[in-house]
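Comments concern the structure below.
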Amino acid sequence: MNQSAHPRPIRYGLIGSGYFGLALGRGFLRQPGARISRVYDPENAEIARRELGAVPTASIRELCESDDVDAVIVASPNWAHREAVVQAAEAGKPIFCEKPMALSYEDCSAMVDAAQRAGVLLMSGHVMNFMNGVRRVKRLIADGVLGDVLYCRAARNGWEEPQDTISWKKRRELSGGHLYHHIHELDVVQFIMGTPKTATMVGGNVAHQGEHFGDEDDLLLITLEFENGSFATLEYGSAFRWPEHYLLVQGTLGAAMIDMTDTGVTVRHSGTEERFLLHRNEEEDAQRTAIYASSSMDGGIMYGTPTTTPPLWLTGIVEQETEYFHGLLTGADPEPEFAALTDGSAARLSIATADALTRSLAEDRKVRVAEILEGAEVSA
Ligand SMILES: NC(=O)c1ccc[n+]([C@@H]2O[C@H](COP(=O)([O-])OP(=O)(O)OC[C@H]3O[C@@H](n4cnc5c(N)ncnc54)[C@H](O)[C@@H]3O)[C@@H](O)[C@H]2O)c1
């Protein structure tokens, strides 16, 4: 670690030190000059004190206003992100906020506005964008190798067995359910194709009712239409006995399969087929494949707990995203590819589409995403 290259150490305050807050804390600690100086967590602050060396604080406000906090990491449950982000912005601190940014477009807007008013970064933990294979596919698309993108298809599904205790992640009001909690695929589709014109969702809770399950919908089928005549479909849920987890991009000149179960990326164009790694090395890809192959529950719907250690591949991309955010705070040049990821705008747009999809399901109709963006109650 070369401290002299980074004369100003960055002291992070961590809000929420469960499974992923600890993973992010470890990721940031690997960056030169980084410390986790403070933590706020109503239940698990002690683990962060022991493992990350962070001093527990009594409230979010106290953490955000602490003189020894230069930047704030928000990894609390999804429903709690808004308050933490707004308070951090009001304290003038740059923010790294886990996905989903919040559970409504309105909440996201309040967060983005607060960050803009304060002139601080608001980076979302849309970690898929940091997978090497995803970045390479985006470059191939930008270079025209796949031609015009006509269609994207994504699936993130598996089967959920009865649970002894019901995590907040399985409660619609707290996590947003599969669509919001696993916003990653929708976000990457939007990075590739832009904001959809219309959003349609059907589905419901078809096989997971009762005391051993949460109340989220377990089968969601999504269709998106784009202004330029292209389309996307996505499947999410825990009512799928045949698990799938992938993103397939179909262009006029070629296609790319980003496969998260048989982990790797395959690109076909001009009569050739090329396969490359999704993550940083063979070991990370192979471990991910092995996890999917060995698990009775699909990895696409598996959930960590404060005592779970993340897999290698996830540790790897957390290292990549924390390195990027820390780099921005210590003077590195921003990369255009990630601009919409560091001002909250991409995360807010994916929630706009998720809100349109939620309205589509509730009202049994195709919804224009503009209805959400403009806050208008317009019928399709
Ligand atoms: N990017 C990814 O791939 C990824 C993976 C896992 C989780 N996440 C996100 O990270 C966030 C945390 O998830 P997790 O898996 O660590 O959950 P978790 O349940 O393991 O941890 C949540 C922690 O937040 C604490 N908490 C509860 N209420 C709080 C509040 N009001 N303020 C601060 N802390 C509070 C809990 O005590 C707990 O320690 C979620 O937003 C989740 O979506 C992202």
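Numbering of ligands and ligand atoms starts at 1, following listing order.
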May I ask which of [options] has a heavy atom nearer to [atom] than the others do?
| atom | options | value |
| --- | --- | --- |
| atom 26 (N) of ligand 1 | P77, S76, S17 | P77 |
| atom 14 (P) of ligand 1 | M128, E43, H182, K169 | K169 |
| atom 4 (C) of ligand 1 | W79, W168, Y180, F20 | F20 |

If we check side-chain contact (heavy atoms from CB on, under 4.5 Å) with I73, which of these qualifies: F325, F96, F20?
F96
Candidates L357, T200, V369 - the one meeting side-chain contact (heavy atoms from CB on, under 4.5 Å) with L224:
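The residue from L357, T200, V369 that satisfies side-chain contact (heavy atoms from CB on, under 4.5 Å) with L224 turns out to be L357.
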Polar side chain donor-acceptor pair, [X] to [Y], under 3.5 angstrom:
| X | Y | value |
| --- | --- | --- |
| S238 | H178 | yes |
| Y236 | H182 | no |
| E337 | N129 | no |
| Y180 | T358 | yes |
| Q190 | S350 | no |

Under a 4.0 angstrom heavy-atom cut-off, which atoms of ligand 1 come close to [X]?
| X | value |
| --- | --- |
| G125 | 1 (N) |
| G16 | 24 (O), 33 (C), 34 (N) |
| G18 | 16 (O), 20 (O), 21 (O), 23 (C), 39 (O) |
| I15 | 33 (C) |
| H181 | 42 (C), 43 (O) |
| P42 | 26 (N), 27 (C), 28 (N), 29 (C), 33 (C), 34 (N), 35 (C) |
| N44 | 37 (O), 38 (C), 39 (O) |
| V127 | 1 (N), 3 (O) |

Would you kindly specify which portion of [X] sits under 4.0 Å from ligand 1, judged on non-hydrogen atoms: side chain, backbone, both or neither?
| X | result |
| --- | --- |
| E83 | neither |
| A80 | side chain |
| S175 | neither |
| H126 | neither |

How far is [atom] from the closest protein heavy atom, and which atom is that?
| atom | value |
| --- | --- |
| atom 32 (N) of ligand 1 | Y40 CE2, 3.5 Å |
| atom 12 (C) of ligand 1 | A75 O, 3.1 Å |
| atom 37 (O) of ligand 1 | D41 OD1, 2.6 Å |
| atom 10 (O) of ligand 1 | E98 CG, 3.3 Å |
| atom 3 (O) of ligand 1 | H184 NE2, 3.6 Å |
| atom 43 (O) of ligand 1 | K99 O, 2.8 Å |
| atom 41 (O) of ligand 1 | N78 OD1, 2.6 Å |
| atom 20 (O) of ligand 1 | Y19 N, 2.9 Å |

Is the shortest side-chain heavy-atom distance between E335 and R135 below 4.5 Å?
yes
Are the side chains of L24 and E98 in contact, using a 4.5 Å heavy-atom criterion?
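Counting from C-beta outward, E98 and L24 do come under 4.5 Å.
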State whether the number of non-hydrogen atoms from other residues, nucleotides or ligands found under 6.0 Å of [X] atom [atom1] is greater than 12.
| X | atom1 | result |
| --- | --- | --- |
| D148 | CG | no |
| D143 | CG | yes |
| E282 | CD | no |

Pairwise distance CD(E216) to CD(E160) - rounded to 0.5 angstrom:
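Going from CD on E216 over to CD on E160, the span is 6.0 Å.
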Other than L63, what residues sit in its cluster of Ile, Leu, Val, Met, Phe, Trp and Tyr side chains whose heavy atoms are under 4.5 Å apart, directly or through others?
I15, Y40, I60, V69, V72, V74, V85, V86, I95, M101, M111, V112, V120, L122
